[in-house]
Structures are given as structure tokens and as C-alpha cells.
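Below is one structure; the comments refer to it alone.
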Amino acid sequence: MTFIAVAVPVVRADQISAALETARLAKAQGADLVEWRVDSLAQEPGAASAVTRLVQDAPMPCIVTVRHVAEGGGFCGTDEQRQQVWTAACTAHPPAAYVDVELATYRSDSMAGERARDMSRLGSLGSGSGPRVILSFHDFEGRPHGLSARIAEMWADPSSTVSKVVWTARTPRDNTEAFEVLAARAKPTIALCMGEHGLMSRVLAPKFGAFLTYARSDAQGTAPGQPTVEELVQQWDFRSIGPKTRVYGVLAHPVGHSRSPALHNRWFREARVDARLFAIAAGPTWESFKATLLELLSLDTLHFSGCAVSLPHKLNAIRFVEERGGVVDSMARCIGAANTISVAADGTLHASNSDLAGVCDPLSRAARTHGWSGGLRGRHALVIGAGGAGRAAAVALASAGAEVTIANRTTDRAMSVAAELNNSLGLGANAASSIAARSLFDLGATRFDVIVQATSAGMVSGEDADVDPLPETVPLTDTTIAMDLVYTPQETPFLRRAARAGAHAIGGWSMFIAQAAQQHRLWTGHDPKNMDIGMDMNARSRSL
Ligand code: NAP
């Protein structure tokens, strides 16, 4: 079992009651251990009795840590002060379960080094009368030099019980190195990455048999990359993670805003699928996208099984799969972009584009509601915008049999996109069902059954946040189905106008849910258990 530890800093003796309360709360949420971080307290008069109280009254087994400034902690006192704290940790009734000692201190000739080695020898006797020693090494700047040699030295020490190495991840790839350390462990080991890239190493600690992972209590401030105990236990379903847990990602730049992990992990949980999906910042270039994916695929025991791909990597997804001899789905090839990569059991990569289903599924549902017996077939559909989203919407609608017109601010772009799509869909320019191109400003009073707003106008904090790009002359009535692909905010100027006109208005959140549902089907073979996920944005866009 991998324990969940909560580190609680205690600066002064008058904070002990609050610290104990924080530990009680963390225990109630699912933590197994509390680490008393007493770097500053250790330098205060009366530190020994304060630490004795912390240890004796701790609501769960505790670790006592006095981290030196040289190791990124706050302690800059004397050897004697540190030893007083250790003595208190050893002589309390019951004593602390563990004392964390830095490798540099442990191997030094100082008094503290000698005392640490004594403590370690006594703890290793396993009499239950004293704390065990966790030998630790931290690097806040990045991956430590000589990582392998240091960890081998810690493992070789016969007396310390647990080895711990923690560093700040510079890229998502540091996580796999932490997993390799755990896989090679010669004794109970903690290997974690700090910072925004390190979440995977924290959450997947049980998959690789780590001794513990750290989480923060709700009562504490934010620590970059560290989930709360509640998030770890509830959202990540930490207790059910094991060696066979499959790993997925959403690769984008930036990726911090992505709602894909919350959505997919919820669906995995509800379907009892043993898989987790992480936001993975892949950097903006082809090289960083490729390097990140290669690293994730290279570690067999990670069971990396696929990823959602977002901007700016949708083209790179096709290139990567092609380079690796995989299969690119014909629709993804037609749109020229893929947003999903799946890894088959034999390792073959597949690239596909679930944005098609993202557009088509909500529109088809709306068509059924309207009693359109043929669905979207034969319906006149307008797609505003000729970027990536516009292309996906046009292909989705054309594939469903609609008569599609692409209208764009820059007419030439609409023309070239329409020509390209007609070509790849095998629709001759003069075929009855070929995709037409128009200038956005030349639509007059043309009536459409379906209007899809696929420009970035209306997007929060964008240049045209207040803009509704549909010309006033184009009729919007209660027989129109109007869909906006923008999902932040949920009520765009275009959707407000559609709702005022009594049209069937569909927000971009519906597309997001539908395209994610298609990914879930692809990865698990099942429909998501619960499409009505009750997220605020979705609920509000559906009520428009
Ligand atoms: P893109 O490739 O940058 O294309 C932007 C398009 O918007 C271009 O056709 C551009 O016209 C047009 N445009 C921008 N501002 C305009 C304005 N003020 N008036 C008229 N046209 C304007 O972007 P994209 O990838 O297609 O994405 C478009 C939107 O779809 C974004 O807001 C994105 O968030 C959203 N989206 C949503 C989902 C979802 O799951 N709901 C998925 C994908 C995309 P020009 O060619 O004339 O510049």
C-alpha cells in the first residue's frame, strides 16, 4: 500500500492546536500519515516539548522533519537544536513513526550526522521503540546531478528504512524517471516530482509501489502540483490505482485550463475502468510534442494508452502517428487534423478526430427534437469560419448529408477550404452535395436550417468577445438550429441572439462533451455512463 502523507508546517508553539486540527481533518479525508515540518519551530525556545506534544497528540502516525535551508527548508539553527527535536521525536510516548534526515546531514562528520546514524541503527532494529529513518534528497532547481548514484547510496545504507528523492520536474518527462527509480528500488522508496509537471508522479505513486505520496489538506494553501487529499482520494480514486492502471493524457500548449482530466476521469470512475487521464504540457513545438509522446510510450510499465490532442498539436498528431507507422483515420486525414491518439494492444497507433462527433451528435439530437425525419440529410447548413473548427464542422455536416455552405470573413480562405474538402471527400465541385463557399458579407437573406458559429468571435478575453459574426440579414427563427462552438463563455452574443429568436441554441460545451464521449467510446468500447455530467457550464448552455 502507498500511504498518503500530509506535510503540516508548524512555525511556533502557539500553532500546535491548529496544526493538530489540520491533521485531524486530513485524516478524515483519507490521509494515513502526517509530517510535522518543524524547521522554524526547532529554533524556538521550548521546541523539544512542543515537538513532544505534536508527536504524542498526532491523530495518525507521524514523520518529524527539520529541513535545512541548504535542502530547501527553513532551518538554519545549530546541531544541538536539531538533535533536541530528534530526541523529542524518539522519546515521546508513542514516538514518531519516522524521522526524515537529509542525505548530506546523514553522511557528514558533524554531531548531527552521528546522531542521525545512531537513530537510524536503533530504528532499524525494528523493536518498535524508536522512529525509522527516511533518508532524503531534494532538488528544487531541477533533476539532481548524479541521481542514480545518490539513490544507490541511499539504498545501500543498511540502517535507514526508507529512501526519498524529490526534485522539480522541468518537463512531463521527469515523471517517467521517477517511475524508473521506483521500479528499481532496493527498499521502500519515495520518488516524486514537484511543480506543475509533477502531478503524474504524485498520483501514480501506487502504480509503481512508492512508499508514500504527499497531498495537502484543504486547510493549507496551494503547493504547485500537489493535489489535496480529497482530490487524490475522490477525483483520482487513488486507492484503486495499481500496477495495471492505464494512463491517458491530454496534450496541449497551454494545457492548464483543460477540463478533459475532470471529465474523462469521472467517466472512467463511473464505468469502473482502471485508467487515469492527465493534463500534459507538451510545449508548443513539433519537437517537444514528439519527445513527450516518445517518452510516455517508451516506458512499458506506464501502460500509456492514448491521448486527447488540442491546440497547437492537432497536425502534429497526424505526423507523429504517420512517422511511427500507425493508422490515420480517413476523416482525420480529410480535415487535416487529429484530436485523438489511441494505442492498440499490439502497440499500433491510431489517429482520429472526435470533433466530427462533437459537432454532429448534438446537431443530430436537435434535429430529432425538431422532428426532422431524415436527420440532417438534405438540410441547408451554414458554417461560419474556415479555421480548424470550421473545417471539422463542414466535414461533419457534409458527412451527415447536409447541404453545406462555408462563409468566412476572408472569402479566399473559405473558397480554398471548400475546394480542399470537396476534393478529399470525393465531392466534385459541381456535385449536388458539394460544399459551397461564400463571403460572410454576401449572404443576404439566405435562409439556413442549421447555422454553426465556428469562428473565435465571442470567446471570452478574445479580441472580439462582444462580436456576433452572423450578419443581421441572415434569418434566425424558431425553426433554426444554431450551434456555437465557442464554449467560454457559455452565453456568446451569437447564442443570445439565437435564443431571442426562439431558435434551438446549442452551446460549445455540448461539442466538448460529445467529442470527449467519442474518445471515451474509442478507448473503452463503451458509452460514457453519464453524459449529463452536471458541470455548471454545460447545464447553463443547455438551458439557453
Ligand atoms: P482558427 O483556426 O484560428 O480560425 C478562426 C476563424 O475565425 C477564422 O475563420 C477567422 O476568419 C474567424 N474569425 C475570427 N474572428 C472573427 C470575427 N471577428 N468575425 C468573423 N470571423 C472571425 O480557430 P479554430 O481552431 O477554428 O477555433 C475557432 C473556435 O472554435 C475557437 O473559439 C475554439 O475555442 C472553438 N472550438 C471549440 C471546440 C469545442 O470543443 N467546443 C473545439 C474546437 C474549437 P479569418 O480566416 O478571416 O481570419
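Side chains included, hydrogens not; waters and symmetry mates left out as well; all remaining heavy atoms used. Order of appearance sets the numbers: ligands from 1, and atoms from 1 within every ligand. Note that this is a predicted model, so its numbers are computed, not measured.
- Within ligand 1, counting atoms from 1 as listed, the ones closer than 4.0 Å to a heavy atom of Y487 are 39 (C), 41 (N).
- Side-chain contact of T410 with D412: a donor-acceptor pair under 3.5 Å is absent, judged by distance alone.
- Between N408 and ligand 1, an N or O atom pair is found at a separation short of 3.5 Å.
- Not a single N or O atom of Q515, backbone or side chain, sits closer than 3.5 Å to an N or O atom of ligand 1.
- At under 3.5 Å, a nitrogen or oxygen of G388, whether backbone or side chain, sits near a nitrogen or oxygen of ligand 1.
- Under 3.5 Å, the side chains of R276 and S240 contain a donor-acceptor pair of N or O atoms.
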Audit row: S364, D361, side-chain hydrogen bond (donor to acceptor under 3.5 Å, both in side chains) steps and yes/no
CA-CA 5 Å; S364 300; D361 291 357; 5.5 Å; no
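- Residue A454 approaches ligand 1 through these ligand atoms, each under 4.0 Å from one of its heavy atoms: 28 (C).
- Residue T455 holds the heavy atom nearest to atom 21 (N) of ligand 1 of all those in V359, I513, L485, T455.
- The protein heavy atom nearest to atom 39 (C) of ligand 1 is M511 SD, 3.5 Å.
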Go through it in stages, so that I can follow the logic: the residues are R266 and E270, the test is side chain to side chain contact (heavy atoms under 4.5 Å, CB included), and I'd like the CA-CA distance, side-chain angles, deciding distance and then a yes or no.
CA-CA 6 Å; R266 180 169 171 162; E270 287 171 349; 3.0 Å; yes
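- R319 forms a cation-pi arrangement with W286, by the criterion of a distance under 6.0 Å to the ring centre and an angle within 45° of the ring axis.
- If you check which protein heavy atom lies closest to atom 31 (C) of ligand 1, you get M459 SD, 3.8 Å.
- Under a 4.0 Å N-O distance rule, the pair R333/E322 qualifies as a salt bridge.
- Residue G508 has at least one nitrogen or oxygen atom sitting less than 3.5 Å from a nitrogen or oxygen atom of ligand 1, judged on distance alone.
- Between the side chains of Q515 and N339, at least one donor N or O lies within less than 3.5 Å of an accepting N or O.
- Nearest non-hydrogen protein atom to atom 14 (C) of ligand 1 is S456 OG, 3.4 Å.
- The existence of a salt bridge linking D174 and R170 is confirmed by a sub-4.0 Å separation between a basic side-chain nitrogen and an acidic carboxylate oxygen.
- Close approach to G385 involves these atoms of ligand 1, each under 4.0 Å from a residue heavy atom: 9 (O).
- Of the residues Y248, F278, F512, W523, the one that meets the ring pair (Phe, Tyr, Trp, His ring centres under 6.0 Å) test with H264 is W523.
- The option with the heavy atom closest to atom 27 (O) of ligand 1, from among P469, A389, A386, is A389.
- The closest non-hydrogen atom to atom 48 (O) of ligand 1, taken over R409, R259, M483, comes from R409.
- In this structure, the protein non-hydrogen atom closest to atom 1 (P) of ligand 1 is G387 CA, 4.1 Å.
- E403 and T405 form no side-chain donor-acceptor contact under 3.5 Å, judged by distance and modelled atom types alone.
- Each of the atoms 32 (O) of ligand 1 lies under 4.0 Å from some heavy atom of V486.
- In this structure, of D464, V452, T488, the residue bringing a heavy atom nearest to atom 18 (N) of ligand 1 is D464.
- Polar contact check, T410 against ligand 1: a nitrogen or oxygen pair lies under 3.5 Å apart.
- In this structure a side-chain-to-backbone donor-acceptor pair under 3.5 Å is missing from T480 to A482.
- Of all protein heavy atoms, the one closest to atom 46 (O) of ligand 1 is R413 NH1, 2.7 Å.
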